[in-house]
Amino acid sequence: QLERFEGDRPIALAYADVPGNAAKALARLELDFPVEASAREATPLFTADNATPLTPSQADKLLASLLADCLCPDEASRYSWHSFRIGLATRLQCAGCPPHLVQALCRWQSSKSLTFYCRVEASIYER
């Protein structure tokens, strides 16, 4: 389900038959849990019960659970969905991605978000 604000255009994902490809994973999800075309726009992608969208609290608990499987508790507690969004924006910026594309990929309503959330990575200072 697309967020409704300026910049609510779909984001294209390139399909490749390789592990970890997002488009391939979404295609598999669609095959496993098909949705009628007429219901696609109103059907959430991530759900608690195959119908109800995850609440922010449920999404936070899911992330915490995933991180707990990979990291020690102290390190896992340092991450949130917000921190991953900031990391994505920062890495896109450092890779030379145009600001309007960073804004679209991070689903930000305003270009002001770029100046607030994009960080300068330590590696920039080492150049």
Side-chain angles (χ1 to χ4, degrees):
Q1 184 172 357
L2 294 176
E3 298 175 36
R4 294 288 171 209
F5 55 75
E6 180 183 322
D8 64 351
R9 293 181 218 127
I11 296 173
L13 299 173
Y15 185 93
D17 192 12
V18 297
N21 180 267
K24 181 180 177 182
L26 288 171
R28 181 80 256 159
L29 187 64
E30 181 66 27
L31 292 171
D32 291 344
F33 303 98
V35 175
E36 295 291 327
S38 61
R40 169 56 57 215
E41 188 173 331
T43 303
L45 180 58
F46 302 107
T47 68
D49 58 7
N50 291 333
T52 308
L54 287 177
T55 65
S57 175
Q58 289 169 320
D60 288 343
K61 288 177 185 175
L62 175 62
L63 178 61
S65 176
L66 293 170
L67 292 173
D69 287 344
C70 307
L71 305 171
C72 67
D74 184 52
E75 189 172 356
S77 70
R78 296 181 202 156
Y79 294 96
S80 67
W81 291 112
H82 186 66
S83 63
F84 283 107
R85 199 175 191 189
I86 290 170
L88 172 63
T90 300
R91 281 160 187 76
L92 288 169
Q93 176 182 262
C94 288
C97 189
H100 72 277
L101 189 52
V102 175
Q103 180 182 341
L105 292 170
C106 291
R107 313 299 287 169
W108 284 328
Q109 295 180 18
S110 165
S111 60
K112 291 179 184 177
S113 298
L114 294 169
T115 58
F116 189 76
Y117 290 116
C118 285
R119 309 284 198 247
V120 176
E121 292 188 326
S123 61
I124 296 293
Y125 297 112
E126 297 168 1
R127 292 183 186 168

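Computation of the quantities below employed the complete heavy-atom set of this structure, encompassing side-chain atoms and omitting hydrogens, waters and symmetry-equivalent molecules.
Ring pair Phe84/Tyr79 is parallel by interplanar angle, where below 30° counts as parallel and above 60° as perpendicular.
The CG atom of Leu67 lies 11.0 Å from the SG atom of Cys72; values are rounded to the nearest 0.5 Å. Once rounded to the nearest 0.5 Å, the distance linking OH of Tyr15 with CG of Leu26 reads 11.0 Å. Between the OH atom in Tyr117 and the CG atom in Leu88 there is a gap of 14.0 Å [rounded to 0.5 Å]. Atom CD of residue Glu75 and atom SG of residue Cys70 lie 10.0 Å apart, to the nearest 0.5 angstrom. Put simply, OG on Ser113 and CZ on Arg107 are 13.0 Å apart, with the number rounded to the nearest 0.5 Å. Taken to the nearest 0.5 Å, the NZ atom of Lys112 stands 12.0 Å off from the CG atom of Leu114.
With hydrophobic clusters built from ILVMFWY side chains whose heavy atoms lie under 4.5 angstrom apart, Ile86 shares a cluster with Leu101. Cluster annotation: Leu29 and Leu62 are assigned to the same hydrophobic cluster (Ile/Leu/Val/Met/Phe/Trp/Tyr, side-chain heavy-atom contacts under 4.5 Å, transitive). Trp81 and Phe116 fall into different hydrophobic clusters, where Ile, Leu, Val, Met, Phe, Trp and Tyr are joined by side-chain heavy atoms under 4.5 Å apart, directly or via other members. No single ILVMFWY cluster, assembled from side-chain heavy atoms under 4.5 Å apart, contains both Leu66 and Leu71. Hydrophobic cluster membership is shared by Phe33 and Leu54, with clusters built from Ile, Leu, Val, Met, Phe, Trp and Tyr side chains linked at under 4.5 angstrom.
The shortest non-hydrogen separation linking Asp17 to Lys24 is OD1-NZ, 2.7 Å. Annotation for Cys106 and Arg85: closest pair O-NH2, 2.6 Å, computed over non-hydrogen atoms. When all heavy atoms are compared, the tightest approach of Pro44 to Thr52 is CG-C, 4.3 Å.
The hydrophobic cluster containing Val18, built from Ile/Leu/Val/Met/Phe/Trp/Tyr side-chain heavy atoms closer than 4.5 Å, comprises no other residue.
One N or O on the side chain of Asn21 and one on the backbone of Ala14 form a donor-acceptor pair closer than 3.5 Å. Between the Gln58 side chain and the Thr55 main chain, a donor and an acceptor come within less than 3.5 Å of each other.
Residues satisfying the side-chain contact (heavy atoms from CB on, under 4.5 Å) criterion with Ala25, sequence neighbours excluded, are absent altogether.
Contact of the Ser57 side chain with the Lys61 side chain is registered, since non-hydrogen atoms from C-beta on lie closer than 4.5 Å.
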